[in-house]
Amino acid sequence: MKYVTAKGQKMSVFSLGTVQLGMTYGLGADREKPSEETAFHMLDVAMENGIDNLDTANNYGDSEALIGRWLKQRREQKKDLPWVVTKIGPFKQDSYDVLRDDILRQTEGCLQKLGMDTLDCLMVHGFEDYSQHPDQVRKVFEEMKSQKLYKYSALSAYSRHDYGLLAQSGFDAVQIPLNVFDWGQIENGGIRKLAGADMMIFVRSVYLQGLVFHTPEDLDPRMSFCAPYLEKYLGLCKEFELSPDVLALSFVLSVPGVTTAVMGCDTAKQVKDNCSLFDRTVQLSQEQLDLLHDAFRDIDPRVINPGAWFNHT
């Protein structure tokens with residue numbers, strides 16, 4: 001496993017997403033939440049294979065509570081513990097006092113469920129929860145920091161949001177979507193602003209809901225507009241001698257400032273396979289990055305918006 005150190009915190013470049021452990025999640029009728037025994041085994045396998053940070057949230061079903069029970073077991077067995085990122089929101093914003101009480105209530109709930117005295121990293125789950133009253137949210141977080149309720153603060157956002165506002169927040173970290181087809185926040189300098197603000201950058205949606213695993217021939221006919229870009233991508237995979245999954249992951253980890261990639265897994269085997277995948281990533285050269293940029297510089301906006309894949313005539 002590869003590791004990075006950011007803001008004094010060492011962590012694996014693979015952050016294990018745990019929404020699947022707390023609720024039925026994702027496509028497919030056969031998907032179901034794993035048993036606690038299976039979930040504990042997956043988390044143990046993650047640690048054994050070098051993953052030392054987890055991503056969860058207070059609205060991921062009972063993911064926090066399950067992780068809390070697993071952490072308790074690890075402590076009793078005197079085993080190493082991971083770094084845990086959790087998220088809160090949405091917030092009640094009727095007044096400052098209402099906002100403060102709601103943030104504190106949710107934070108205390110996370111602490112209780114996870115069985116921690118201090119959260120490793122506390123993230124605002126929705127950009128609008130921050131952007132509506134940024135000064136007030138910062139004030140509450142500063143108060144909680146002084147009370148040692150968390151170590152690092154973070155914000156979550158989408159590509160459409162104002163990364164300049166995120167960079168000015170003073171928060172320690174940010175989680176954003178990033179994939180090889182979407183260069184918008186690279187072209188406009190948004191990601192550079194985040195890195196310039198010394199924020200840890202956690203990225204999600206690396207595979208753009210699995211698009212990189214398709215070929216132009218097996219695409220749903222309603223997604224035919226994706227075909228020419230997918231053909232370009234597969235051509236570059238051959239040129240770079242990298243598989244589609246390795247190139248997609250290598251790309252996000254090669255973007256300056258990116259700290260880790262958040263990826264969920266459904267089984268212990270998938271955890272191991274993805275660990276192996278991270279080990280096969282490479283640092284892309286500037287020439288390779290330029291070729292990727294040229295290929296997707298003027299991409300059809302529907303390609304990078306899964307909500308539009310099937311909603312057109």
Please list, chain by chain and in numerical order, all residues satisfying side-chain hydrogen bond (donor to acceptor under 3.5 Å, both in side chains) with [X], sequence neighbours excluded.
X    : value
Y60  : K87
N305 : none
R74  : D44
D135 : R138

Under 3.5 Å side-chain donor-acceptor pair for N274 and Q270: no

Under 6.0 Å from the [atom1] atom of [X], do we count more than 12 heavy atoms belonging to anything else shown?
X   : atom1 : answer
K2  : NZ    : yes
E37 : CD    : no
K72 : NZ    : no

Suppose we call two aromatic rings close when their centres sit under 6.0 Å apart. Are F213 and Y207 close by that rule? yes

ILVMFWY network linking Y158 to W309, side-chain heavy atoms under 4.5 angstrom: no

Does any pair with a residue in residues 77-104 pass ring pair (Phe, Tyr, Trp, His ring centres under 6.0 Å), and if so which ones, sequence neighbours excluded? W83-Y152

Per the ring pair (Phe, Tyr, Trp, His ring centres under 6.0 Å) rule, what does the pair list look like for residues 258-279, sequence neighbours excluded? F14-F278

For the atom pair CD1 (I51) and NZ (K272), what is the distance rounded to the nearest 0.5 Å? 12.0 Å

Quick one: list whatever passes ring pair (Phe, Tyr, Trp, His ring centres under 6.0 Å) with H41, sequence neighbours left out. none

Residues two or more places apart in sequence or in another chain: which of them pass salt bridge (Lys or Arg N to Asp or Glu O under 4.0 Å) with D245? none

Which residues pass the salt bridge (Lys or Arg N to Asp or Glu O under 4.0 Å) test with D279, sequence neighbours left out? none

Can you give the donor-acceptor pairs under 3.5 Å from side chains of residues 247-259 to other protein atoms, not counting sequence neighbours?
unit_1 : atom_1 : unit_2 : atom_2 : d
S250   : OG     : V246   : O      : 2.7
S250   : OG     : V282   : N      : 3.0
S254   : OG     : S250   : O      : 2.7
S254   : OG     : L284   : N      : 2.9
T259   : OG1    : I201   : N      : 3.0

Is the terminal nitrogen or CZ of K193 (NZ for Lys, CZ for Arg) located under 6.0 angstrom from the six-membered ring centre of Y163 and within 45° of that ring's axis? no

With a 3.5 Å cut-off and sequence neighbours excluded, list the donor-acceptor pairs that the side chains of residues 107-122 form with protein atoms.
unit_1 : atom_1 : unit_2 : atom_2 : d
T107   : OG1    : I103   : O      : 2.8
T118   : OG1    : K148   : O      : 2.8
D120   : OD2    : V84    : N      : 2.9

The complete set of side chain to side chain donor-acceptor pair (under 3.5 Å) pairs with one or both residues in residues 231-241, sequence neighbours excluded, reads none

